> 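Take a look at the following structure, please.
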Amino acid sequence: MSSELNKVYNPEEVESKWYAYWEKHRFFRSTPDERPAYTIVIPPPNVTGVLHMGHMLNNTIQDILIRRARMKGYNALWVPGTDHASIATEAKVVQLLRQQGIKKSDLTRDEFLKHAYEWKDKYGGIILKQLEKLGASCDWERTRFTMDETYYRAVIKVFIDLYNKGYIYRGLRMINWDCEALTALSNEEVQYAENGEASKMYSLRYPIQNEPDTWVIIATQRPETIMGDTAIAVNPNDPRYQHLIGKTALVPLINRPVPIIADTYVDMEFGTGCLKLTPAHDPNDYEIGQRHNLPIIDTINLNGTLNELCELPHYIGLDRFEVRKRIIKELEEKGHLVAANDYTARIGRSERTGSVVEPKLSLQWFIKMKEISRRALQAVEDNEVQLIPAKYKNTYRHWMENVRDWCISRQLWWGHRIPAYYYGEGENDFVVAETPEQALQIARHKTGNPHLQANQLRQDEDVLDTWASSWLWPIAVFDGFEDYDLETQQFTRLNPDLAYYYPTDVLVTAPEILFFWVARMIIAGYEYLDKHPFKDVYLTGIVRDKLGIKMSKSLGNSPEPLELIAKYSADGVRVGMLFASPAGNDLPFDEKLCEQGRNFANKIWNALRLVKGWQTTPAHNPHNQPAINWFESKIVQTRQELDNLFEQYRISEALNLLYSFIWDDFCAVYLELVKPDFEQPLDETTYRATIGFFEQLMQLLHPFMPFITEEIYQHLQPRQEGESICISHYPTPTLPDETALKRGEILKTLLTQLRDVRVKKNLKPKDPLPLFANVSQPDFYQPIIPVLQKKAFLQSVEFTAAEVPNSAMFMVGTDVFYAALSSDFDVAAEKERLHKEIDYLIGFAKSVNAKLSNEKFVSSAPEAVVNKERQKLADAEQKLTALQEALGKL
RNA sequence: GCACACAUGACGCAGUAGGUUUAGCGUGUUUGCCUUACAAGCAAAAAGUCGCAGGUUCAAAUCCUGCUGUGUGCACCA
């Protein structure tokens, strides 16, 4: 039998073989039934994406949870899918078209979308295929995409509903503008470099009107915006500038007269204490402008070039940064530049394009967040939704309490087109409806013009922010909104899937998207189903390299996941990632850990080779019974600990526990204990027990290492087609036998001690060695003596009440053992060994004694604690006496 | 700037209601082994007074205060 099994485990064919088998039998398919459900919805990866280390970690964790639930008897469902990632995808498609010589501006919306869908069909599924390589046990028949037909309908419906409820409004607001992608961004999509960016702070002189040789000096990083200035502001309490308030300054180069106003916003300490106000291009300036009724002069086009409002013809049409370079020279030449100092600025950049974000005044769609998010804030406070680790509660609370309205419109084509239809030029000349037909009805009614025609309606050109679709994910993947009635603002029913699977059990995701996505899903969950979308949110750590830098493809510090899998197997990589991933902490990734995972697989494989190599005999061998009893209880105990760890999402620790249980307890101890002598058969009872243990271990390990455990499971016993470890159930838990456990642990200790004696005395593993035991309860030891004798190669084992001369003495608890040595043993070495142990015990006893002789300790500490200390001391003293006697005999 | 984490042998971590023998685990290091499942292995060893300074307590890696360092989130000034 063993000749069929390679000496080294070969995962490559095994992994693809079993994944195909699982798919063929649809083991991951879930439909509602009478069992309790356990549901996870995948955080949909970006459809343009390819697998990176973060995905590997977070999907491994999801797979572990879902596989474990499946084996615990739940009806486990893991819903996969992708989101359409409007900016990222559109940017990719635009870029691809450009390579083909096609400009987006030359295409109609429909033509462009056709290209985009082609692109999606071709590349959109890559990342899901990669998840299969990892072993992900998703129900692929339920794969969803945020622009699927029903999903699209859901997003539009929700927009209309929130509009009807008054949560959505259209307004002129200062927004973040991406001049490259030509779209608005939400605050969350703007990123700042960690330590700022090198910039210059320019000091400019603005003359005072009608007062020759008087001026104010302002500081700015953006001299190209001065043509949009409409005022100068100083702090009303600033003694330096009292005389200037109410006067008029002249904007350099264009000589526009602007008032000098007083506003407490101005920080007297900063710069010169004079602030130029450019309401069109700075959020704070805009607000001050509103307070003082300042005009707004928007000098920058959507693409970042300057327009005719800048009044300087030679700058019109030039990019703002080009203008900056030139205008500095011009200002200098004309005597307006006072200073140019190096300055570190926090510059906002678009998350997707990296382009410097331009604050711009723009008419956009917003969701009012304050009221709609109230329940969601409370839910996390009350642990209706539990964040793991809990430290994120603070972060969440802070964001929710200071939540700002969410700009949801994007000036893109790839996405859900805003269902607003305009019939006139006025700001409010629009209606919101699911279809153009309905829009026409409503518009006719609203305008009172029954002759209004469809071609007089113009649908909003913009699409919705991607997160304004993915925030519905836990409901929309089940097509839940099909049954939502916009009239009554209620569900007419919950479809069977939604009723069965919602709320989901856990969401596993990266902390970066706590606000982008998680918070908003909670909001949507309460708004629509009045229920949390998931019970727990497990926020994974960030995968970092050895230098502690976040791994990313763009930085080039990330290994290629599929290459890792090729090198170490999916099982190995899964284990490698988990080894380094304590709950909620960052993951310092080290390829070595994948190697460790691979080695572990090999270890298990070889345990299989050993077991499958055994011949059996019906003859009974009672000597193995203590080992069997011990291991049986040990599994029970380990399962309890695993349950405990999983309950707290201590998945890495659970893996570590299993790792050492399998490697140390099963392979190194149990298998060695029951292993028959060379070419001897094993009794059937032990063999069957061993196969059973091995099978249970594989079941416990299966969520972590799905492939090798299936391979072993299939080898351990003959299986029918359609049987699989992944749908097998854990046996019903029993209680551990404490005596059997203790006996096993003591057997382990004795074996280690005896091995130690051999090493220290330079004895070969099989040199004859008689053992004498002076123990309080010989009966306790009786059952393990045969196996101890065999495994420690003991010549004999005898109970005694006397000292044994010429022996190495050691203690287990308070029981004394003597390994009898031949007369020529090294007395000096033995003395030294005993001395060392005595010294340790003296030190120990001293520290315990110090406690016990402390009056206050004895009187204030709980009795149990004091008694424990007394017991410690008594044991130590008993040991000391025995050791000292042994030393005296030498 | 505000807030929140974290600081344990060479490295990565555990120590989850102050008291399970003077702190555990993995990797690495050193030593000895190709022992008939596994050198992707086996057996053993060395290595930390738990960032620093105080405090509370009979008792502190564990609680409190301050400091230092690192990380994260939020805000942001011309």
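For clarity, every value in this text was computed on a predicted model and none was experimentally measured. So you know, we letter chains A, B, ... as the sequences are listed, proteins then strands, and number each from 1.
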> Provide the distance between the two C1' atoms, one in A61(B) and one in G18(B), to the nearest whole Å.
10 Å

> Using side-chain heavy atoms (C-beta onward) and a distance below 4.5 Å, is Phe857(A) in contact with Val865(A)?
yes

> Main chain of Val403(A), side chain of Lys370(A): is a donor-acceptor contact present, judged purely on distance under 3.5 Å?
no

> Who passes side chain to side chain contact (heavy atoms under 4.5 Å, CB included) against Glu679(A), sequence neighbours left out?
none

> If only side-chain N and O atoms of Lys7(A) are considered, is one of them under 4.0 Å from the OP1 or OP2 phosphate oxygen of A39(B)?
yes

> Looking at U22(B), A78(B), A75(B), which one has an atom nearest to any side-chain atom of Tyr840(A)?
U22(B)

> Using atom P in both nucleotides, what's the gap between A3(B) and U21(B) to the nearest angstrom?
42 Å

> State whether the side chain of Thr749(A) and the backbone N or O of Glu745(A) hold a donor-acceptor pair below 3.5 Å, judged by distance alone.
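Yes; at least one donor-acceptor contact below 3.5 Å.
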
> Between U22(B) and U29(B), how far apart are the two C1' atoms, rounded to whole Å?
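Rounded to whole Å, the distance is 25 Å.
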
> For nucleotides C13(B) and G71(B), find the distance between their P atoms and express it as a whole number of Å.
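Straight-line distance between the two P atoms is 14 Å.
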
> Atom CG of Asn656(A) and atom C1' of G15(B): how far apart are they, to the nearest Å?
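Taking CG of Asn656(A) and C1' of G15(B), I get 14 Å after rounding.
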
> Picking from U27(B), A14(B), C77(B), which would you name as closest to the side chain of Glu653(A)?
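Within the option list, the nearest is A14(B).
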
> Looking only at atom types and distance, does a side-chain atom of Glu15(A) sit under 3.5 Å from a main-chain N or O of Glu12(A), one as donor and one as acceptor?
no

> Can you check side chain to side chain contact (heavy atoms under 4.5 Å, CB included) on Met400(A) and Arg397(A), steps first, answer last?
CA-CA 5 Å; Met400(A) 289 296 258; Arg397(A) 182 189 311 116; 5.9 Å; no

> Please give, in whole Å, the distance from C11(B) C1' to Asp590(A) CG?
9 Å

> Between A40(B), U16(B), C77(B), spot the one nearest the side chain of Asn284(A), thanks.
C77(B)

> Indicate yes or no: at least one non-hydrogen side-chain atom of His715(A) is less than 4.5 angstrom from one of Trp605(A).
yes

> Rounding to an integer number of Å, can you tell me how far Arg222(A) CZ sits from A78(B) P?
11 Å

> Base, sugar-phosphate, or nothing for Phe515(A), non-hydrogen atoms under 4.0 angstrom?
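Sugar-phosphate contact only.
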
> So that I can tick it off, tell me whether Arg240(A) and Asp238(A) are bridged by a salt bridge, with the cut-off set at under 4.0 angstrom between side-chain N and carboxylate O.
yes

> Measure from the side chain of Tyr265(A), starting at C-beta and using heavy atoms only, and say which of A37(B), A40(B), A78(B) lies closest.
A78(B)

> Between A37(B), G12(B), A78(B), spot the one nearest the side chain of Thr220(A), thanks.
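It is A78(B).
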
> When you compare C6(B) with G15(B), how far apart are their C1' atoms, in angstrom units rounded to a whole number?
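My reading of the C1' atoms in C6(B) and G15(B) gives 15 Å.
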
> Rounded to whole angstrom, note down the C1' distance from A45(B) over to A40(B).
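Taking atom C1' in both A45(B) and A40(B), they lie 23 Å apart.
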
> If you pin Leu671(A) and Leu751(A) to their nearest nucleotides in RNA chain B, which one's is more 5'?
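First, find each residue's nearest nucleotide; the 5'-ward one identifies Leu671(A).
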
> Counting only heavy atoms and a strict 4.0 angstrom limit, can you tell me which residues of residues 662-670 of chain A come near RNA chain B?
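Under 4.0 Å from RNA chain B: Trp663(A), Cys667(A).
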
> Measure from the side-chain N and O atoms of Asn602(A) to the backbone N and O of Arg598(A), and report whether any donor-acceptor pair falls under 3.5 Å.
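Side chain of Asn602(A) to backbone of Arg598(A): no pair is present.
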
> How long is the line joining CG of Asn176(A) and P of A75(B), in whole Å?
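Checked: the CG to P distance equals 11 Å.
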
> To the nearest Å, how far apart are Tyr392(A) OH and C6(B) C1'?
12 Å

> Out of A40(B), A37(B), U20(B), which nucleotide sits closest to the side chain of Leu610(A)?
A37(B)

> Between atom CZ in Arg609(A) and atom P in G41(B), what is the gap in whole Å?
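The answer, rounded to whole Å, is 14 Å.
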
> Side chain of Phe844(A) only, heavy atoms from C-beta on: which candidate in G71(B), C76(B), U22(B) is closest?
U22(B)

> Reckon Lys872(A) touches a base, only the sugar-phosphate, or nothing at all at heavy-atom distances under 4.0 Å?
sugar-phosphate

> Applying ring-ring contact (aromatic ring centres under 6.0 Å, His included), can you list everything that pairs with Phe515(A), at least two apart in sequence or on another chain?
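ring-ring contact (aromatic ring centres under 6.0 Å, His included) list for Phe515(A), sorted by chain: Trp399(A).
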
> What is the distance, rounded to the nearest whole Å, between atom CD of Glu401(A) and atom P of C4(B)?
13 Å

> Nearest whole Å is fine: how far is U72(B) C1' from Leu587(A) CG?
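Going from CG in Leu587(A) over to C1' in U72(B) covers 16 Å.
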
> Would you classify Ser569(A) as touching base, sugar-phosphate or nothing, given that sugar-phosphate means primed atoms plus P, OP1 and OP2, and contacts are heavy atoms under 4.0 Å?
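Nothing, no heavy atom under 4.0 Å.
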
> If you check every side-chain atom of Arg755(A), which of A43(B), A5(B), A37(B) has the closest atom?
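Minimum distance to the Arg755(A) side chain belongs to A43(B).
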
> How far, in whole Å, is G48(B) from C11(B) if one measures between their P atoms?
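To the nearest whole Å, 13 Å.
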
> Checking the side chain of Asp282(A) only, and the main-chain atoms of Thr278(A) only, is there a donor and an acceptor separated by less than 3.5 Å?
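No, Asp282(A) side chain to Thr278(A) backbone: no donor-acceptor pair under 3.5 Å.
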
> Report each atom pair, protein N/O against N/O of nucleotides 58-65 of chain B, whose distance is under 3.5 angstrom.
unit_1, atom_1, unit_2, atom_2, d
C58(B), O2', Asn854(A), ND2, 2.8

> Mind checking Gln596(A) for me? I need base, sugar-phosphate or nothing, with any heavy atom below 4.0 Å counting as a touch.
sugar-phosphate

> If you compare every side-chain N and O of Arg397(A) against the phosphate oxygens of C74(B) (OP1, OP2), does one of them come in below 4.0 Å?
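Checking C74(B) against Arg397(A), no side-chain N or O comes under 4.0 Å of OP1 or OP2.
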
> What distance, rounded to whole Å, do you find between the two P atoms, one in U65(B) and one in A23(B)?
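U65(B) and A23(B) have their P atoms separated by 28 Å.
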
> Ignoring the backbone of Ala607(A), work out which of A37(B), A14(B), U20(B) is nearest its side chain.
A37(B)

> When you check the phosphate oxygens OP1 and OP2 of A78(B), does a side-chain N or O of Tyr343(A) lie under 4.0 Å from one of them?
yes

> Looking at Asn402(A), I'd like to know whether one of its side-chain N or O atoms comes within less than 4.0 Å of OP1 or OP2 on C74(B).
no

> Would you check if the side chain of His336(A) reaches a backbone N or O of Leu204(A) as a donor-acceptor pair within less than 3.5 Å?
no

> When you get a sec, tell me which of G12(B), A44(B), A78(B) is the closest nucleotide to the side chain of Gln221(A)?
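Nearest to the side chain of Gln221(A) among the choices is A78(B).
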
> Would you mind classifying the nucleic acid contact of Val611(A) as base, sugar-phosphate or nothing, using non-hydrogen atoms under 4.0 angstrom?
nothing

> Can you find a side chain N or O atom of Lys391(A) that sits less than 4.0 Å from OP1 or OP2 on U72(B)?
no

> Stems in RNA chain B: runs of 3 or more consecutive Watson-Crick or G-U pairs, distances under 3.5 Å?
B:1-7 with B:68-74, B:10-13 with B:24-27, B:29-33 with B:41-45, B:51-55 with B:63-67

> So, Asp263(A) side chain and Tyr265(A) main chain: donor-acceptor pair closer than 3.5 Å or not?
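Yes, because the side chain of Asp263(A) sits within donor-acceptor range (under 3.5 Å) of the backbone of Tyr265(A).
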
> Is any NZ, NE, NH1 or NH2 atom of the basic residue among Lys872(A) and Glu869(A) found under 4.0 Å from an Asp or Glu carboxylate oxygen of the other?
yes

> Could you tell me how the ring of Phe704(A) sits relative to the ring of Phe646(A): parallel (under 30°), tilted (30 to 60°) or perpendicular (over 60°)?
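Geometry flag for Phe646(A) against Phe704(A): tilted rings.
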
> Verify the contact: side-chain N or O of Lys603(A) to OP1 or OP2 of C42(B), cut-off strictly under 4.0 Å; return yes or no.
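Result: yes.
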
> Please write out the pairs of protein N or O atoms and N or O atoms of nucleotides 1-3 of chain B separated by less than 3.5 Å, giving the distance to one decimal.
none

